[in-house]
*Asks:* 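One structure, pasted below without further comment.
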Amino acid sequence: QVQLVESGGGLVQAGGCLRLSCAASGRTFSSYGMGWFRQAPGKEREFVAAISWRRSNPYYADSVKGRFTMDRDNAENTVYLQMNSLKPEDTAVYYCAAAQWGSGSSLKNQYDIWGQGTQVTVSS
């Protein structure tokens with residue numbers, strides 16, 4: 001079973017960019033579908049992006065489509081979330097999640113492994 005560690009969060013001005021990384025331990029990373037979710041204060045955790053274990057085209061939430069790009073590097077056991085044109089409403093704790101043989105779902109309950117999260121704050 002993999003373990004996940006996110007990094008790359010921080011404080012950025014509106015219009016700026018950040019690149020989040022999620023490093024996975026374990027030899028079977030390539031068999032895991034991966035997702036990014038976020039949770040703002042007082043709100044439920046919501047879907048951001050996902051990619052299947054087959055590395056098919058990533059799937060994005062409408063709120064980030066065209067601004068965020070998700071990719072995975074199985075050789076490095078890492079998934080990335082490139083976030084451009086950031087908005088204050090993107091402020092949240094960002095989590096990566098994994099599901100073995102996962103199809104890249106937008107549903108939280110399809111994932112059984114979660115990282116500890118990384119804070120992203122976008123100032124106006």
Side-chain angles (χ1 to χ4, degrees):
Q1 179 165 317
V2 301
Q3 292 182 321
L4 306 174
V5 178
E6 301 96 333
S7 62
L11 173 64
V12 64
Q13 288 189 332
C17 59
L18 284 173
R19 187 189 195 207
L20 305 185
S21 299
C22 173
S25 63
R27 299 181 182 179
T28 59
F29 173 74
S30 62
S31 69
Y32 282 78
M34 301 296 296
W36 284 100
F37 292 79
R38 66 186 182 187
Q39 188 166 17
K43 295 188 177 182
E44 290 194 4
R45 193 170 299 188
E46 66 175 8
F47 169 73
V48 175
I51 189 168
S52 76
W53 72 276
R54 295 179 182 272
R55 204 179 178 179
S56 56
N57 290 336
Y59 172 62
Y60 300 97
D62 288 343
S63 58
V64 307
K65 201 172 295 182
R67 299 188 298 122
F68 290 11
T69 302
M70 182 178 184
D71 198 4
R72 67 185 299 160
D73 184 338
N74 287 342
E76 297 293 329
N77 280 13
T78 302
V79 292
Y80 303 97
L81 185 68
Q82 177 67 43
M83 306 187 295
N84 299 330
S85 302
L86 282 162
K87 304 175 181 180
E89 51 264 43
D90 294 319
T91 295
V93 177
Y94 283 71
Y95 299 89
C96 70
Q100 193 162 32
W101 312 119
S103 60
S105 174
S106 62
L107 302 177
K108 297 188 293 291
N109 61 13
Q110 296 298 304
Y111 297 88
D112 52 2
I113 302 170
W114 292 82
Q116 83 289 350
T118 185
Q119 176 71 48
V120 171
T121 303
V122 184
S123 63
S124 58

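All heavy atoms count here, side chains included; hydrogens, waters and symmetry mates do not.
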*Asks:* Does the Asn77 side chain pair with the main chain of Gly26, one donor and one acceptor, at a distance under 3.5 Å?
*Replies:* yes
*Asks:* Applying salt bridge (charged side-chain N to carboxylate O under 4.0 Å, His left out) as the test, list every pair that has at least one member in residues 31-41; sequence neighbours left out.
*Replies:*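 Qualifying pairs, neighbours excluded: Arg38-Glu46, Arg38-Asp90.
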*Asks:* In Å, rounded to the nearest 0.5 Å, how long is the span from OH of Tyr94 to SG of Cys22?
*Replies:* 14.5 Å
*Asks:* Gln82: what forms a side chain to side chain donor-acceptor pair (under 3.5 Å) with it, not counting sequence neighbours?
*Replies:* Asn84
*Asks:* Scan for salt bridge (charged side-chain N to carboxylate O under 4.0 Å, His left out) pairs involving residues 69-83, sequence neighbours excluded, and state none if there are none.
*Replies:*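 Residue pairs with at least one partner in residues 69-83: Arg55-Asp71.
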*Asks:* Treat each ILVMFWY residue as a node, draw an edge where side-chain heavy atoms are under 4.5 Å apart, and state whether Tyr95 and Leu20 are in one component.
*Replies:*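 Different clusters: Tyr95 never reaches Leu20 through Ile, Leu, Val, Met, Phe, Trp or Tyr contacts under 4.5 Å.
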*Asks:* For Lys43, what residues pass the side chain to side chain donor-acceptor pair (under 3.5 Å) criterion, not counting sequence neighbours?
*Replies:*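 Testing Lys43 for side chain to side chain donor-acceptor pair (under 3.5 Å), a comparison that skips the adjacent residues, returns none.
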*Asks:* In the single-linkage hydrophobic clustering (I, L, V, M, F, W, Y; side-chain heavy atoms under 4.5 Å), do Leu4 and Leu81 co-cluster?
*Replies:*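 They do share one cluster, since a chain of ILVMFWY contacts under 4.5 Å joins Leu4 to Leu81.
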*Asks:* Return the CD to CD1 distance between Gln100 and Ile113, rounded to the nearest 0.5 Å.
*Replies:*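 One gets 7.5 Å once the value is rounded to the nearest 0.5 Å.
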*Asks:* Which side-chain N or O atoms in residues 117-124 pair as donor and acceptor under 3.5 Å with protein atoms at least two apart or in another chain?
*Replies:*
residue : atom : partner : partner atom : Å
Thr118  : OG1  : Gly9    : N            : 3.2
Gln119  : NE2  : Ala92   : O            : 3.4
Gln119  : NE2  : Thr121  : OG1          : 3.3

*Asks:* Which pairs count as ring-ring contact (aromatic ring centres under 6.0 Å, His included) when at least one residue sits in residues 59-85, sequence neighbours excluded?
*Replies:* Phe47-Tyr59
*Asks:* Distance check, rounded to the nearest 0.5 Å: Ser63 atom OG versus Lys87 atom NZ?
*Replies:*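 Here the interatomic distance stands at 8.5 Å.
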*Asks:* Per the ring-ring contact (aromatic ring centres under 6.0 Å, His included) rule, what does the pair list look like for residues 103-124, sequence neighbours excluded?
*Replies:*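 Listed by first then second residue: Phe37-Tyr111, Phe37-Trp114.
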*Asks:* Please report the closest heavy-atom contact between Met34 and Ala98, naming both atoms and the distance.
*Replies:*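 Looking at all heavy atoms of both residues, the closest pair is SD-CB, 3.5 Å.
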*Asks:* With sequence neighbours excluded, what pairs up with Ser30 under the side chain to side chain donor-acceptor pair (under 3.5 Å) test?
*Replies:* none
*Asks:* Is any side-chain heavy atom of Trp36 closer than 4.5 Å to a side-chain heavy atom of Val79?
*Replies:*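 Yes. Closest side-chain heavy atoms under 4.5 Å.
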*Asks:* Could you list all the salt bridge (charged side-chain N to carboxylate O under 4.0 Å, His left out) pairs where at least one residue sits in residues 92-103, not counting sequence neighbours?
*Replies:*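 Qualifying pairs, neighbours excluded: none.
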*Asks:* Looking at residues at least two apart in the chain, or sitting in another chain, which of them share a side-chain contact (heavy atoms from CB on, under 4.5 Å) with Gln116?
*Replies:*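 side-chain contact (heavy atoms from CB on, under 4.5 Å) list for Gln116, sorted by chain: Val5, Glu6.
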*Asks:* Residues in side chain to side chain donor-acceptor pair (under 3.5 Å) with Ser7, at least two apart?
*Replies:*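 For Ser7, no residue satisfies side chain to side chain donor-acceptor pair (under 3.5 Å) once neighbours in sequence are set aside.
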*Asks:* Does any pair with a residue in residues 23-60 pass disulfide (SG to SG under 2.5 Å), and if so which ones, sequence neighbours excluded?
*Replies:* none
*Asks:* Assigning hydrophobic clusters by single linkage (Ile, Leu, Val, Met, Phe, Trp, Tyr; side-chain heavy-atom cutoff under 4.5 Å), is Val64 placed with Ile51?
*Replies:* yes
